[in-house]
Student: 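The following block contains the structure, expressed as structure tokens.
Lettering of chains follows the sequences in order, A, B, ..., and the numbering in each one begins at 1. None of these values were measured; they are calculated from a predicted model.
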Amino acid sequence: MMLKKRIIPCLDVNNGRTVKGINFIDLRDAGDPVELGEAYAKKGADELVYLDISATNENRSTFTELVRSIARHVDIPFTVGGGISTVEDVKPLLEAGADKVSVNSAAVKNPGLIDKLVNAFGSQCIVVAIDARYTGDRWIVHTHGGSKPTDKELFSWAAEVESRGAGEILFTSMDHDGTKKGFAVEALNRLSQEVGIPVIASGGAGEIEHFTEVFTKTPVTAALAASIFHFGEIEIGTLKKELSNKGIAVRL
Amino acid sequence: MKIAIIKYNAGNTQSVINALTRLGIDPILTDDKQEILSADKVIFPGVGEAATTMNHLNELKLAEFIPSLKQPVLGICLGMQLMCRYSEENNTKCMGIFELDVLKFKPLNSEQVPHMGWNTLKNTSSPLLTGLEDEHVYFVHSYYVPLNDNSIATTDYIHPYCSAINKDNFYAVQFHPEKSSIAGARILDNFIKL
């Protein structure tokens with residue numbers, strides 16, 4: 001028996017509803033985030049991620065209320081993110097019952113934020129999300145939902161994120177996200193071998209075989225997906241049974 | 001049934017409250033010693049860093065108070081580590097309820113630290129863990145208690161280690177029952193029924 005690979009549904013939340021679109025355009029309604037999260041937990045999801053894609057100052061208290069409600073109903077760990085840029089942003093979310101927070105753009109702009117969050121709340125609850133795109137010779141980190149290229153390169157940024165104390169890295173390949181053609185296996189393999197903290201694979205899941213592939217060809221400890229779960233293309237219980245049949249250690 | 005959750009800068013108290021609420025229990029969150037003494041059961045949660053947290057417990061005079069409790073006490077995660085004698089995390093002297101030392105995980109191959117995610121309970125041997133053999137619970141920790149005589153459960157990560165302990169009225173678990181779905185709820189229910 002050993003540590004199990006985690007399956008993590010990701011819920012994008014816009015004004016209190018779960019939504020999904022390609023690159024934030026053409027958002028489809030995918031239901032109530034609390035009910036959806038509760039249903040995923042019952043079906044065997046190992047963790048949940050909620051991203052507040054409407055994150056603005058006036059919406060933040062609404063999202064915190066939602067987090068409070070999620071924490072009351074969901075009995076597995078969940079991460080929240082979206083627009084977090086200060087220690088003050090994080091405190092109410094953790095107090096409302098979130099287990100971890102994820103930071104992305106703000107950490108790229110101000111890497112010292114990671115140290116501050118780790119000192120204030122501990123490594124175990126700080127997830128750094130990295131969105132990157134392959135440019136032919138390098139993986140370039142992008143911010144603002146993958147729209148803005150930066151001068152950072154994936155592997156060196158991941159090493160820095162780890163050395164600043166982050167507890168986990170959530171890597172999304174912008175090239176694979178939304179394609180349903182499989183995860184960025186090569187990059188994920190290198191990334192999860194180079195860092196000593198858990199890596200969550202994100203972007204590209206379309207079929208059960210894609211999960212099998214990422215868990216057999218890379219040491220990532222978790223895989224995340226959104227729309228394929230929300231719209232019932234892959235059922236979590238079936239996915240985990242299939243993974244188990246392939247010899248991958250999962251919690252059944 | 002009066003359940004007191006010890007209030008200090010422990011991080012995950014809301015999750016513990018929520019988990020008990022789902023079981024139909026209305027716990028009180030308090031650092032008042034009279035309130036704690038009058039409770040049927042006491043929960044000592046913990047998330048964070050050992051030295052800072054021990055300092056805080058010393059300031060609140062909880063570090064000497066908690067070991068004097070007579071009713072069943074359940075330590076969770078860092079709570080378990082602080083109930084031991086010593087932690088390698090910043091060289092911290094802990095409460096010493098258990099004559100055990102807490103060590104840092106050292107990867108043998110490419111294992112990641114923290115040990116984060118779902119893992120199983122083995123060698124369970126206490127009413128607290130009735131029905132939990134081979135069940136999955138959720139872990140997040142970088143320090144661990146080695147195998148010992150107070151062990152009531154073991155888990156395998158890098159090597160087998162002790163994931164739950166008991167001595168007299170003191171119980172402690174390294175994982176998070178409040179985040180461990182149905183298995184976790186069962187442990188909290190077992191604790192309530194002790």
Student: Where does A:Lys91 contact chain B at under 4.5 Å (heavy atoms): side chain, backbone, both or neither?
Tutor: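 No part of A:Lys91 comes within 4.5 Å of chain B.
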Student: Inspect the contact between A:Asp75 and B:Arg22 and indicate whether a charged nitrogen and a carboxylate oxygen are less than 4.0 angstrom apart.
Tutor: no
Student: Taking NZ in B:Lys2 as the centre, count heavy atoms belonging to other residues, nucleotides or ligands within less than 6.0 Å. Is the count above 12?
Tutor: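 More than 12 within 6.0 Å, yes.
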Student: Hey, are the side chains of A:Arg6 and B:Met116 touching, using non-hydrogen atoms and a 4.5 Å cut-off?
Tutor: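 Side chain of A:Arg6 against side chain of B:Met116, heavy atoms only: contact under 4.5 Å found.
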Student: Any chance you could measure B:Gln112, atom CD, to A:Ile169, atom CD1, to the nearest 0.5 Å?
Tutor: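 The CD atom of B:Gln112 sits 9.5 Å away from the CD1 atom of A:Ile169.
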Student: Closest heavy-atom contact between A:Ile76 and B:Ser181?
Tutor: CG2-CB, 4.1 Å
Student: Between A:Pro198, A:Gly97, A:Gly122, A:Gly167, which shows the greatest number of heavy-atom pairs under 4.5 Å with chain B?
Tutor: A:Pro198
Student: Within a strict 4.5 Å, meaning less than it, do heavy atoms of the B:Thr120 and A:Lys4 side chains meet?
Tutor: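 Heavy-atom side-chain distance check passes, below 4.5 Å.
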Student: Step through the shown structure and confirm whether more than 12 heavy atoms of other residues, nucleotides or ligands are within 6.0 Å of CD on A:Glu209.
Tutor: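 More than 12 heavy atoms, drawn from other residues, nucleotides or ligands, come within 6.0 Å of this atom.
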Student: Please look at B:His115 and chain A and tell me whether the side chain, the backbone, both or neither of the residue comes under 4.5 angstrom of a heavy atom of that chain.
Tutor: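 The side chain, not the backbone.
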Student: Supply the atom-to-atom distance A:Arg251 CZ to B:Asn119 CG, rounded to the nearest 0.5 angstrom.
Tutor: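 Rounded to the nearest 0.5 Å, the CZ-CG separation comes out at 12.0 Å.
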Student: At a 4.5 Å cut-off on heavy atoms, which part of A:Ala96 comes close to chain B: side chain, backbone, both, or neither?
Tutor: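 A:Ala96 touches chain B through backbone heavy atoms alone.
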Student: Taking side chain as everything from C-beta outward and backbone as N, CA, C, O, which of these in A:Thr221 sits under 4.5 Å from a heavy atom of chain B? Side chain, backbone, both or neither.
Tutor: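 Contact with chain B is through the side chain of A:Thr221 alone.
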Student: Side chain, backbone, both or neither: which part of B:Ser15 has an atom under 4.5 Å from a heavy atom of chain A?
Tutor: side chain
Student: To check you understand the geometry: which heavy-atom pair defines the closest contact between A:Leu3 and B:Trp118, and what is its length?
Tutor: CD1-O, 3.6 Å
Student: Tell me, yes or no, whether the heavy-atom count around B:Lys167 atom NZ, taken from other residues, nucleotides or ligands under 6.0 Å, exceeds 12.
Tutor: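 Atom NZ in B:Lys167 is packed in, count exceeds 12.
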Student: Could you state the interatomic distance from CG (A:Leu252) to NE2 (B:His136), rounded to the nearest 0.5 Å?
Tutor: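 That separation rounds to 7.5 Å.
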Student: For B:Asp26, look at atom CG and say whether over 12 heavy atoms of other residues, nucleotides or ligands are found less than 6.0 Å away.
Tutor: no
Student: Contact part of A:Gln193 toward chain B, heavy-atom cut-off under 4.5 Å: side chain, backbone, both or neither?
Tutor: neither
Student: Please flag which part of A:Arg72 lies under 4.5 Å from any non-hydrogen atom of chain B: side chain, backbone, both or neither.
Tutor: both
